[in-house]
Amino acid sequence: MKLQIKDTFTKNLPADKILENSRRQVTEAVFSFANPKKTKAPKVLHVSQEMASELGISEEETKSEFFKKIVTGNEVYPNTKPFAMCYGGHQFGNWAGQLGDGRAINLFEVEHKQKNWKVQLKGAGETPYSRTADGLAVLRSSVREYLCSEAMYHLGIPTTRALSLSLSGDDVLRDVLYDGNPAYEKGAIVTRVATSFLRFGNYEIFAARKDIKNLKILVDYTIHHHFSHLGNPSKETYIQFFKEVSERTLAMIIHWQRVGFVHGVMNTDNMSVLGLTIDFGPYGWLEGFDFGWTPNTTDRQHKRYRYGNQPNIGLWNLYQLANALYPIIQEVAPLEAVLNQYKIDFEQQSLEMMKSKLGLYTSDENDTKLMQNLEDTLQLVETDMTIFFRSLSNFTDAESGFQLIKKSFYDFDTISDEVKSQWDSWFQKYAERLQIERLSSEERKEKMDTVNPKYVLRNYMSQLAIDAADKGDYSLIDELYQLLKKPYSEQPKYEKWFAKRPEWARNKVGCSMLSCSS
Ligand code: AMP
Ligand code: MG
């Protein structure tokens, strides 16, 4: 396995001068060198061959002993120096100080097909940023991150990727529900890949420490390597940089809203400056359409990161980034203009996105009302988001509309006449609205099916794969991985995955309830 190794990050950015891998505050540095921990009995469970080929690694090579050692942290690739990044963050609305890569270790940069990728291990042992934790990850959360990041990619949503999923062979102690019942679980390691893992928190930490010199070094690096089209760093480019981060953040969140993805922990340390979906922790997928839903039990009381609040939180997080960038811009108005534009763009893009889910491409003054009416109706009784929108592409007339979406109701038999008549009246309006569209129903269906996925990684599906993997059966991981490579296509052999969450999963830990204990 011969990789085209680069070191733009470690070469151009200030390193922690202390080399000892001890937990501490790290100042005036973007990263600290730290080596992964050797593990007892490493075993590769799955490899994303799509990702491997992006890095210039052949299928044959992914089966080698060397590959296994590299992706489980048991060997360091020749002439590379692994490191962990320093960042801070606002967690659940409060400044949390230094966080950093507590259980992520960056291995190296690979250049392939004109792209520069950063490769990192998640769960490979402690770093100076591990605080009170162990730097490790367990199988359940690793399966979830592995499958979901690749699923997001195939849905066409900006995201960090995954190269491999492995068992470390070591046991890890976790208290899943934080109720004083810790138990040992299998340790696992995911190899993650992205063009950059920089987060809002990487900039915030320097601003919080009033280290403007290093803040500027990091922003200049970011622009030079990731936003080079903006030109040489200057006050104007810093503003343009912030504008583009804002636009990318919004674009990512609109995608999440479209497919019903709830990130679960939108703290500023989990916000990629490239607008990538990052850090798959207690995330979840909407089953019943519900703006108030969050998968994260840690957030159960305030539901700060609920589905319907993700666009607002994106904006709140951008305010924090604006504050962090202010010292190198020294002007409030242009930053405020960007934040105001986010609100305007959100309204417009959100409407466009919802219209595309309904197959509407022309404009009508009542479109906003039609959408609001739909969202209200969807929330009257538990209605499966994915099945509803996918079924809608077969719409022909208002009279048969309600029957068409029958499969999306969780309890069809108890639906009242009143609810049914609200659906009938919405379908009536939808049918009328379709009159002014120009596409044939076949063309409309084809387009709708490219934005309304047929298959998403429902929470119970991951849990089934996790339960089987825990017993040594990894076939379901592969089945879901294969299924989710084509989320918008009809795949008759996988029809059983186009189904509502089964009742047993409604209140099961891991299916509807997830904590940060991963
Ligand atoms: P998260 O909520 O997963 O984004 O994590 C927030 C912070 O806690 C990050 O700085 C992580 O690196 C750190 N962290 C989470 N789990 C662990 C762990 N098991 N060991 C060390 N640090 C961790
Ligand atoms: Mg995180």
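What you see is a predicted model, and the numbers here were worked out from it, not measured in a lab. For ligands, and for the atoms within them, numbers begin at 1 and follow the listed sequence.
- Residue-ligand proximity: Gly281 is placed with every non-hydrogen atom at 4.0 Å or more from ligand 1.
- Contact analysis puts Arg131 in contact with ligand 1, with a non-hydrogen atom separation below 4.0 angstrom.
- Counting the atoms of ligand 1 from 1 in the order shown, those under 4.0 Å from a heavy atom of Arg174 are 19 (N).
- Which parts of ligand 1 touch Asp279 is read off a 4.0 Å heavy-atom cut-off, strictly below it: atoms 4 (O).
- Judged by a 6.0 Å distance limit and a 45° cone about the ring axis, Arg144 is not positioned over the six-membered ring of Phe280.
- Within the listing of ligand 1, atoms 9 (C), 10 (O), 11 (C), 12 (O) sit less than 4.0 angstrom from a heavy atom of Gly100.
- With a cut-off of 2.8 Å, the Mg ion (ligand 2) has an N, O or S atom of Asn270 in range.
- Remark: the Asp220 side chain and the Tyr238 side chain contain an N/O donor-acceptor pair separated by less than 3.5 Å.
- Take the N/O/S atoms of Asp279: the one nearest the Mg ion (ligand 2) is OD2.
- Close approach of ligand 1 to Asp269 (heavy-atom distance below 4.0 Å) involves ligand atoms 4 (O), 6 (C).
- Heavy atoms of Lys122 found under 4.0 angstrom from ligand 1: none, in either backbone or side chain.
- Geometrically, ligand 1 and Gln91 share no nitrogen or oxygen pair separated by less than 3.5 Å.
- Arg161 forms a cation-pi arrangement with Tyr153, by the criterion of a distance under 6.0 Å to the ring centre and an angle within 45° of the ring axis.
- By the criterion of a heavy-atom distance under 4.0 Å, the side chain of Asn270, and not its backbone, is placed next to ligand 1.
- Checked against the 6.0 Å centroid threshold, Phe291 and Phe289 count as a close aromatic pair.
- Close approach of ligand 1 to Leu136 is summarised as follows: ligand atoms under 4.0 Å from at least one heavy atom of the residue are 19 (N).
- Here is the list of ligand 1 atoms found below 4.0 Å of a heavy atom in Asp134: 18 (C), 19 (N), 20 (N).
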